[in-house]
Amino acid sequence: GAVVSQHPSRVICKSGTSVKIECRSLDFQATTMFWYRQFPKKSLMLMATSNEGSKATYEQGVEKDKFLINHASLTLSTLTVTSAHPEDSSFYICSAPSLAGGETQYFGPGTRLLVL
Amino acid sequence: AQSVTQLGSHVSVSEGALVLLRCNYSSSVPPYLFWYVQYPNQGLQLLLKYTTGATLVKGINGFEAEFKKSETSFHLTKPSAHMSDAAEYFCAVSPPPIVMRFGAGTRLTVKP
């Protein structure tokens with residue numbers, strides 16, 4: 001099946017720094033990718049839709065200047081958490097739909113961010 | 001707008017017992033429905049999905065779900081629970097196209 005990778009899997013940073021998380025589709029192309037945030041023991045909250053070659057679409061309540069998304073190619077989307085604060089600590093998961101079977105999304109393994 | 005309600009944030013069953021995880025959806029258009037499983041500190045793995053056609057859908061690891069339009073439900077079942085089934089399960093709905101909304105999740109515990 002299709003594989004989506006994320007890097008890094010875990011990151012610890014100091015408050016005020018920026019952190020970049022990469023999401024790659026390894027064996028298929030994705031014009032669209034999705035970024036989710038998951039709080040401990042909670043469901044996934046859709047943050048934004050990443051569109052290759054155009055601006056991301058953010059969900060209501062998500063700060064676009066705080067969570068910068070760049071979809072630079074058909075296999076790579078990045079999420080940058082700018083000026084991170086402890087409340088940004090969370091599990092971030094990306095997903096990409098396979099072009100062949102568009103209704104199915106393939107999820108990355110997630111990135112755990114801890115801001116001290 | 002689409003939404004999903006999972007009844008029961010925590011379900012506990014004995015090994016070998018029936019597993020039933022409930023999911024009800026709301027959708028203004030014919031939905032696509034999904035069940036995903038998440039193990040600790042991992043991403044989501046697709047168990048099964050319903051798009052069109054047969055309403056009883058079989059997935060991996062012996063799970064199946066039935067789409068019941070009249071009840072707006074998509075409950076997940078497995079005849080006999082195994083210890084390895086202990087995980088978090090998420091029901092999700094997607095209107096075509098593909099933006100997906102997740103339920104709150106149900107944590108399944110399997111007792112020996």
Side-chain angles (χ1 to χ4, degrees), chain A residues 1-11 21 23-26 28 30-51 56-60 62 90-114, chain B residues 1-11 21 23 25 27 29-53 57 59-61 67 74 86-109:
Chain A
V3 177
V4 174
S5 70
Q6 282 185 241
H7 178 80
S9 59
R10 180 186 296 265
V11 57
I21 302 170
C23 176
R24 293 182 185 272
S25 56
L26 296 185
F28 65 101
T31 56
T32 300
M33 291 183 175
F34 299 94
W35 286 96
Y36 295 85
R37 180 173 180 176
Q38 185 178 31
F39 294 96
K41 301 186 186 301
K42 298 292 185 183
S43 186
L44 281 75
M45 179 191 76
L46 179 65
M47 298 175 65
T49 303
S50 173
N51 303 299
T57 304
Y58 289 82
E59 295 296 299
Q60 190 174 8
V62 177
S90 196
F91 196 50
Y92 293 88
I93 302 175
C94 72
S95 72
S98 167
L99 285 178
E103 73 278 358
T104 298
Q105 290 190 34
Y106 298 98
F107 286 81
T111 296
R112 184 161 300 284
L113 170 63
L114 176 61
Chain B
Q2 284 69 30
S3 66
V4 172
T5 302
Q6 289 184 240
L7 300 176
S9 60
H10 187 200
V11 170
L21 305 183
C23 172
Y25 70 91
S27 178
V29 298
Y32 289 170
L33 294 158
F34 306 81
W35 274 100
Y36 285 87
V37 61
Q38 184 182 35
Y39 296 99
N41 297 310
Q42 295 186 25
L44 276 70
Q45 180 182 6
L46 179 67
L47 278 177
L48 49 79
K49 65 180 179 182
Y50 168 80
T51 54
T52 58
V57 179
I60 63 172
N61 301 339
F67 170 60
F74 191 59
E88 190 85 19
Y89 291 81
F90 293 97
C91 182
V93 62
S94 168
I98 46 177
V99 176
M100 194 171 284
R101 307 291 177 184
F102 285 85
T106 298
R107 179 170 299 277
L108 176 65
T109 300

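Order of the sequence lines sets the chain letters (A, B, ...), proteins ahead of strands, with each chain counted from 1. Keep in mind that what you see is a predicted model, and the values were worked out from it rather than measured.
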**Asked** Could you state the interatomic distance from CD (B:Gln38) to CG (A:Leu44), rounded to the nearest 0.5 Å?
**Response**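 Separation between the atoms: 6.5 Å.
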**Asked** What distance do B:Tyr32 atom OH and A:Gln105 atom CD have between them, rounded to the nearest 0.5 Å?
**Response** 13.0 Å
**Message:** When you measure from the side chain of A:Ser43 to the backbone of B:Gly105, do you find a donor-acceptor pair of N or O atoms at a distance under 3.5 Å?
**Reply:** no
**Request:** Tell me, for B:Phe90 versus chain A, whether the close heavy atoms (under 4.5 Å) come from the side chain, the backbone, both or neither.
**Result:**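 Side chain of B:Phe90 only, per the 4.5 Å heavy-atom cut-off to chain A.
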**Prompt:** Tell me, side chain or backbone of B:Leu46 under 4.5 Å from chain A's heavy atoms, or both, or neither?
**Reply:**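 Contact with chain A involves the side chain of B:Leu46 alone.
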**Message:** So which atom in B:Met100 and which in A:Phe107 form the shortest heavy-atom distance, rounded to 0.1 Å?
**Reply:** SD-CZ, 4.4 Å
**Item:** Counterpart residues, side-chain hydrogen bond (donor to acceptor under 3.5 Å, both in side chains), relative to B:Glu88 (two or more places apart)
**Value:** B:Arg107
**Prompt:** Is it the case that more than 12 heavy atoms not belonging to A:His7 sit under 6.0 Å from its NE2 atom?
**Reply:**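 No, NE2 of A:His7 has 12 or fewer neighbouring heavy atoms, counting only those of other groups under 6.0 Å.
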**Request:** Would you mind checking which part of A:Gln38 comes under 4.5 Å of any heavy atom in chain B, side chain (CB onward), backbone (N, CA, C, O), both or neither?
**Result:**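 Contact with chain B is through the side chain of A:Gln38 alone.
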